[in-house]
Amino acid sequence: MFAATFAPPRARQSLAGAYQQIGLETATANATPHKLIELLFEGFAGAVARARGALIERQIEAKGRAIGHAARIVEEGLKAGLNLKDGGRVAADLDALYAYIGARLTYANLHNDIEALDECVRLMEPVRSAWAEIGPRVAARAQ
């Protein structure tokens, strides 16, 4: 029951990963589409923060995994979820923003550039906060 207290660091990381996966599965099980996008924004911020920390600690493999995770969230989650046909100018602008963020993540990975990572977070923040702000209105309409 308390094995994690005395587990070696690698085992503790594995246990932490399992805990996070269970938390993610629980959060997504009954989530609305709006909430799922919020979770993608949270995942993006977390992945970039992990990449930043790994870069500072010179953990190149961990940095690459974290940046890869952030890039997949942007490309396969946020960008893939856009309705470019019916979304008009907003969808087109978000598509361009997500493409730019993806390019900057690649640059950050190739050049170990913390400033590029920070730029990605700064660019994503207004979109994330706007999405969070409309959440209550979306929930009210759904009821």
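Values below: every heavy atom of this structure, side chains too, minus hydrogens, waters and symmetry copies. Here, residue 1 is the first one in the sequence, and each next residue gets the next number.
- Here the CZ-CD1 distance, from F44 to I101, works out to 5.0 Å after rounding to the nearest 0.5 Å.
- Across all their heavy atoms, A51 and I67 have their closest contact at CB-CG1, 3.5 Å.
- In this structure the side chain of R104 never reaches within 4.5 angstrom of the side chain of L123, judged on heavy atoms.
- When all heavy atoms are compared, the tightest approach of L84 to A91 is CD2-O, 3.5 Å.
- The CG atom of L97 sits 10.0 Å away from the NZ atom of K79 when rounded to the nearest 0.5 Å.
- Rounding to the nearest 0.5 Å places NE2 of H34 at 10.5 Å from CG of L36.
- Taking CG of L105 as the start and NE2 of H69 as the end, the distance is 12.0 Å to the nearest 0.5 Å.
- A 4.5 Å side-chain heavy-atom check between V127 and Y98 finds at least one atom pair inside the cut-off.
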**Request:** Check step by step if salt bridge (charged side-chain N to carboxylate O under 4.0 Å, His left out) holds for E119 and R122.
**Result:** CA-CA 5 Å; E119 177 186 13; R122 279 192 313 275; 5.5 Å; no
Acceptor/donor pairs from residues 111-118 side chains to any protein atom, 3.5 angstrom cut, sequence neighbours excluded:
residue	atom	partner	partner atom	Å
N112	OD1	K63	NZ	2.6
D113	OD1	E115	N	2.9
D113	OD1	A116	N	3.0
D118	OD1	R52	NE	2.8
D118	OD2	R52	NH2	3.1

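- Y107 and I73 fall into different hydrophobic clusters, defined by Ile, Leu, Val, Met, Phe, Trp and Tyr side-chain heavy atoms under 4.5 Å apart, directly or through other members.
- A heavy-atom distance below 4.5 Å is found between the side chains of L94 and V90.
- Residue A70 comes nearest to V48 through the heavy atom pair CB-CG2, 3.9 Å, listed as atom of the first residue, atom of the second, then distance.
- By the side-chain hydrogen bond (donor to acceptor under 3.5 Å, both in side chains) test, E125 pairs with R128, sequence neighbours left out.
- No continuous path of ILVMFWY side-chain contacts below 4.5 Å connects I56 to L110, so the two sit in separate hydrophobic clusters.
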